[in-house]
Amino acid sequence: MSRKKTSKSKGGSAPATSALAPATSALPATLGTARPGPEAPPNGPPQPGRSSLGGGSDFYDVAFKVMLVGDSGVGKTCLLVRFKDGAFLAGTFISTVGIDFRNKVLDVDGMKVKLQIWDTAGQERFRSVTHAYYRDAHALLLLYDVTNKASFDSIQAWLTEIQEYAQHDVVLMLLGNKVDSAQERVVKREDGEKLAKEYGLPFMETSAKMGLNVDLAFMAIAKELKQRCMKAPSEPRFQLHDYIKREGRGASCCKP
Ligand SMILES: Nc1nc2c(ncn2[C@@H]2O[C@H](COP(=O)(O)OP(=O)(O)OP(=O)(O)O)[C@@H](O)[C@H]2O)c(=O)[nH]1
Ligand SMILES: [Mg+2]
């Protein structure tokens, strides 16, 4: 995980070094090897199967790219570490430098779906690095911090950037993170719901610290992407909004 130690503030002077090969090496959705591949998934035709993306040895049927975006400090890296390792990065805030990615394979209704999750740096100065990765993303998780009004106010600007750089059919989900910090909350749930409704986005509040709704967010994305690229005609359409409304848990579950 390429991360530069910075002080609590958003400062930090590391050069924009991307820890990984440039975006051109990012692959469109990739099919696994063991089972007949589906028709072309969103954002480009499937590539001949490979045992894994990014060098891992996991077996998968289909793979997608998911990107985490949002202001610096909202919890993108922590959300990813919670999802990948089931742990919370407590202690000093270490801002992401450039971009990084982790892989995880999910079992979605018997299908192995690999998510290659790109963790972007929220700091303004890395924005040009982030821009290069949008076009390969099949899904974006757009985060704000419920204890930081500015991060919520930035969402409109993020949506404009997504409109400009990401695929038109990218799956987009809005997440209000750090909902465990009830005392410091300054953005009401209703505010998040209202904004999400305005843009027709699925919305949840999460806590990377407590693990609230984190797995659910990634599973919902995986189900949506899988069904877009391999839904059998007879299969009922997966309803992403309904799914997270039904399965999502409220902040009250965060009470220690
Ligand atoms: N209470 C609480 N703190 C959190 C949560 N998620 C992240 N944090 C804290 O918020 C700070 C920033 O988290 P990161 O995940 O590094 O933020 P980021 O969005 O990756 O920031 P950049 O890499 O600079 O874009 C860290 O000190 C984390 O410990 C959460 O769910 N609850
Ligand atoms: Mg980070």
Side-chain angles (χ1 to χ4, degrees), residues 1-20 66-102 104 116-134 137 140-155 157-158 161-162 173-187 189 192 203-218 248-256:
M1 181 81 71
S2 68
R3 294 155 62 85
K4 164 90 186 62
K5 210 174 226 352
T6 50
S7 61
K8 272 275 181 205
S9 71
K10 291 191 174 175
S13 56
T17 49
S18 158
L20 297 149
V66 181
M67 231 166 112
L68 295 164
V69 293
D71 280 9
S72 175
V74 296
K76 299 181 294 298
T77 300
C78 285
L79 199 90
L80 176 51
V81 170
R82 166 61 69 189
F83 175 59
K84 170 76 181 168
D85 306 326
F88 178 63
L89 289 177
T92 320
F93 168 24
I94 305 173
S95 217
T96 302
V97 170
I99 193 161
D100 210 344
F101 82 91
R102 307 288 290 275
K104 186 164 182 176
Q116 184 177 69
I117 306 153
W118 295 86
D119 179 21
T120 66
Q123 291 181 47
E124 195 72 44
R125 59 203 177 96
F126 297 118
R127 211 48 56 88
S128 55
V129 175
T130 307
H131 290 166
Y133 285 78
Y134 274 118
L140 294 169
L141 292 178
L142 173 52
L143 273 73
Y144 65 89
D145 170 352
V146 299
T147 72
N148 176 333
K149 178 82 172 54
S151 73
F152 178 69
D153 295 341
S154 304
I155 292 298
W158 283 106
E161 182 161 299
I162 289 165
M173 186 182 286
L174 181 65
L175 298 177
N177 191 40
K178 305 194 191 180
V179 76
D180 55 282
S181 302
Q183 308 303 328
E184 295 89 347
R185 179 196 274 269
V186 292
V187 181
R189 182 192 178 89
F203 168 71
M204 276 194 296
E205 289 192 326
T206 60
S207 167
K209 183 171 183 180
M210 314 295 277
L212 183 80
N213 292 336
V214 174
D215 289 350
L216 177 63
F218 286 101
R249 297 173 61 212
S252 53
C253 306
C254 268
K255 293 254 180 314

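Numbers here are sequence positions counted from 1. What you are looking at is a predicted structure, and each value in this text was computed from that prediction instead of being measured. Whatever order the structure lists them in is the order used to number ligands and atoms, beginning at 1.
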For K76, which residues count as a salt bridge (charged side-chain N to carboxylate O under 4.0 Å, His left out) partner, sequence neighbours excluded? none
Mind checking salt bridge (charged side-chain N to carboxylate O under 4.0 Å, His left out) for D215 and listing every partner two or more places apart, or none if nothing turns up? none
With heavy atoms of [X] as the reference, note each atom of ligand 1 found under 4.0 Å away.
X    : value
S207 : 31 (O)
S181 : 1 (N)
C78  : 6 (N), 7 (C), 13 (O), 15 (O), 28 (C)
T96  : 22 (P), 23 (O), 24 (O)

If you measure every N or O of [X] against every N or O of ligand 1, does any of those distances drop under 3.5 Å?
X    : value
G73  : yes
L79  : no
Q123 : no
S95  : yes
G122 : yes
D119 : no
K178 : yes
A208 : yes

To the nearest 10 degrees, could you say what angle the Mg ion (ligand 2) makes with OG1 of T96 and OG1 of T77? 90°
Run the numbers on M67 and Y133 for side-chain contact (heavy atoms from CB on, under 4.5 Å), then give the verdict. CA-CA 8 Å; M67 231 166 112; Y133 285 78; 3.8 Å; yes
For ligand 1, note which part of [X] has a heavy atom under 4.0 Å away: side chain, backbone, both or neither.
X    : value
D180 : side chain
L89  : backbone
S72  : both

Looking only at heavy atoms, what is the nearest atom pair of [X] and [Y], with distance?
X    : Y    : result
S151 : D145 : OG-N, 2.8 Å
M204 : M173 : CE-SD, 4.2 Å
L143 : L68  : CD1-CD2, 4.2 Å

So, N177 side chain and A208 main chain: donor-acceptor pair closer than 3.5 Å or not? yes
Any chance you could lay out the side-chain contact (heavy atoms from CB on, under 4.5 Å) test for F83 and I117, step after step, and finish with the verdict? CA-CA 10 Å; F83 175 59; I117 306 153; 3.5 Å; yes
Applying side-chain contact (heavy atoms from CB on, under 4.5 Å) between L79 and each of L175, D119, V74, N213, report the one that passes. L175
Judged by non-hydrogen atoms, does G91 sit under 4.0 Å from ligand 1? yes
Test log, rule side-chain contact (heavy atoms from CB on, under 4.5 Å), inputs F93 and S72: CA-CA 10 Å; F93 168 24; S72 175; 3.6 Å; yes
Counting only heavy atoms, tell me which of M210, K209, E184, K76 gets closest to atom 18 (P) of ligand 1. K76
Can you classify the ring geometry of F203 versus Y144 as parallel (below 30°), tilted (30 to 60°) or perpendicular (above 60°)? parallel
